[in-house]
Visitor: 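Can you keep this structure in mind? I'll have questions shortly.
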Amino acid sequence: MPAISNSAPAKIILFGEHAVVYGRPAIAIPFWAVKASCNIFARPDLEEPQIEFVSLDQAHLSPELQHNLADLMNYVVAIVLEYAHTRNFPASQIRVGSTIPLGSGLGSSAAIAVAMIRACTEFLGLVLDQSEVNKLAYLSEIHTHGHPSGLDNTVITQGKPVYYVKDQIIQPIMLKGSRTFVVADTGIPGSTSDQVSRVNRMWKSTKSVVEEIFDSIGSIAEKAKAILSNDSDASIGELMTKNHELLQKLGVSSPQLDQLVNSAINAGANGAKMTGGGGGGNIITEVPPQLAKEIESKLIAAGAVRTWITKLNSKGTSDD
Ligand code: PMV
């Protein structure tokens with residue numbers, strides 16, 4: 001039995017990725033179908049803590065991914081030690097696992113950080129509130145991605161749907177009714193920091209054009225917030241598709257993401273978009289509940305390597 005055990009969900013950005021880095025609003029929800037976990041076992045027989053990543057359903061990790069994971073896990077322990085004003089972590093085995101596909105736009109790095117921060121601080125006997133966990137997770141995200149908006153660590157720490165504007169007070173969204181989504185994975189990893197840099201280069205070279213795209217994405221997120229919190233019958237699908245088209249203009253979609261988005265729409269979805277940093281990773285599509293299974297099959301036929309049907313209600317998502 002582990003002495004301490006903690007876990008954190010993945011996340012899905014419903015609206016506003018990339019534009020959120022430049023101060024526009026975004027909406028994100030926790031995604032409980034996949035999660036990261038951290039178990040810590042006291043091991044007085046060891047001379048120093050042993051940190052390992054237990055690949056739960058991602059059997060083959062490339063050497064590069066293994067290196068990135070080791071770097072992330074060591075960094076999180078270092079952040080916790082600094083917070084605790086302690087030099088050494090007690091002799092223990094820190095086992096980190098995740099079922100969140102890595103580099104898939106589902107917030108794997110932030111989820112690993114949040115699960116580890118909670119478990120490691122508890123192991124040291126510290127009690128952190130949500131905002132302290134969030135601050136530490138943000139430091140970890142800066143280490144991993146360079147200039148993150150803070151959206152991923154915030155929604156994952158909160159474990160609730162959020163309407164997020166960088167550097168502003170976090171606003172949970174009270175959702176009306178229940179909506180059904182299908183999430184589909186291209187199976188192709190994308191690098192968030194590469195995509196964020198790509199957008200930044202475009203922003204520097206054609207600032208007014210890119211600012212206009214960001215404004216359009218921001219106003220879509222605002223409209224979606226009004227629908228999600230007031231109108232359980234209206235669909236957000238059309239806004240999702242518009243958001244996807246704007247992300248295409250930013251150059252962060254990919255042929256595989258576009259193919260899944262188009263397949264979902266052709267199969268009767270209300271609308272669809274890529275989610276997260278892009279260049280690969282996942283799409284999310286709002287679907288009429290009775291078509292969810294059929295749309296899921298069509299997405300697999302169109303090349304998705306994994307799919308999830310998920311419902312969104314006032315607490316976030318739950319598996320169907
Ligand atoms: O790819 P993910 O899951 O890390 O999401 C990145 C979201 C961006 O808006 C592209 C970056 C950010 O820091 O918000």
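For ligands, and for the atoms within them, numbers begin at 1 and follow the listed sequence. Heavy atoms only: backbone and side chains are in, while hydrogens, waters and symmetry mates are out.
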Visitor: Regarding ligand 1, does Gly105 bring an N or O atom to under 3.5 Å of one of the ligand's N or O atoms?
Guide: yes

Visitor: Which residue and atom name correspond to the protein heavy atom nearest atom 13 (O) of ligand 1, and how close is it?
Guide: Ser149 N, 2.7 Å

Visitor: Applying the 4.5 Å side-chain criterion to the ILVMFWY set and letting contacts propagate, would Val162 and Tyr138 be lumped into a single cluster?
Guide: no

Visitor: Which atoms of ligand 1 sit under 4.0 Å from any heavy atom of Gly107?
Guide: 3 (O)

Visitor: Tell me if the CD atom of Glu82 is crowded by more than 12 foreign heavy atoms within 6.0 Å.
Guide: no

Visitor: Specify the protein heavy atom at minimum distance from atom 7 (C) of ligand 1: its residue, its atom name, and the distance to 0.1 Å.
Guide: Ile13 CD1, 3.6 Å

Visitor: Does atom CD of Gln130 have more than 12 heavy-atom neighbours, drawn from other residues, nucleotides or ligands, at distances under 6.0 Å?
Guide: yes

Visitor: Would His18 count as being in polar contact with ligand 1, using the rule that some N or O on each side must be under 3.5 angstrom apart?
Guide: yes

Visitor: Provide the number and element of each atom of ligand 1 under 4.0 Å from a heavy atom of Val21.
Guide: 11 (C), 12 (C), 13 (O), 14 (O)

Visitor: When you check the gap from the basic side-chain N to the acidic O, do Arg306 and Glu296 get nearer than 4.0 Å?
Guide: no

Visitor: Pick whichever of Leu151, Asp152, Leu247 has a heavy atom sitting closest to atom 4 (O) of ligand 1.
Guide: Asp152

Visitor: Which atoms of ligand 1 have any heavy atom of Val20 under 4.0 Å away?
Guide: 9 (O), 14 (O)

Visitor: Out of all atoms in ligand 1, which are within 4.0 Å of some heavy atom of Pro148? Include the element for each.
Guide: 13 (O)

Visitor: For Asp231, is there an ion pair with Lys176 - N to carboxylate O distance below 4.0 angstrom?
Guide: no

Visitor: Does Lys11 approach ligand 1 within less than 4.0 angstrom via side chain, backbone, both or neither, non-hydrogen atoms only?
Guide: side chain

Visitor: Who's the nearest protein heavy-atom neighbour of atom 1 (O) of ligand 1, and how far?
Guide: Thr192 OG1, 2.6 Å

Visitor: Under 4.0 Å from ligand 1, counting heavy atoms only, is it the side chain of Leu106, its backbone, both or neither?
Guide: backbone

Visitor: With heavy-atom distances below 4.0 Å as the criterion, list the atoms of ligand 1 near Gly277.
Guide: 1 (O), 2 (P), 5 (O), 6 (C), 10 (C)

Visitor: Do Ile117 and Ile142 sit in one hydrophobic cluster, given that two such residues count as connected whenever their side-chain heavy atoms are within less than 4.5 Å of each other, even indirectly?
Guide: no

Visitor: Do other residues, nucleotides or ligands put more than 12 heavy atoms under 6.0 Å from Lys166 NZ?
Guide: yes

Visitor: Considering only NZ, NE, NH1 and NH2 on the basic side and carboxylate oxygens on the acidic side, decide whether Lys223 and Glu238 come within less than 4.0 Å.
Guide: no

Visitor: Looking at Glu245 and Lys249, does any basic side-chain N land under 4.0 Å from a carboxylate oxygen?
Guide: no

Visitor: For ligand 1, is there an N or O atom under 3.5 Å from any N or O atom of Glu17?
Guide: no

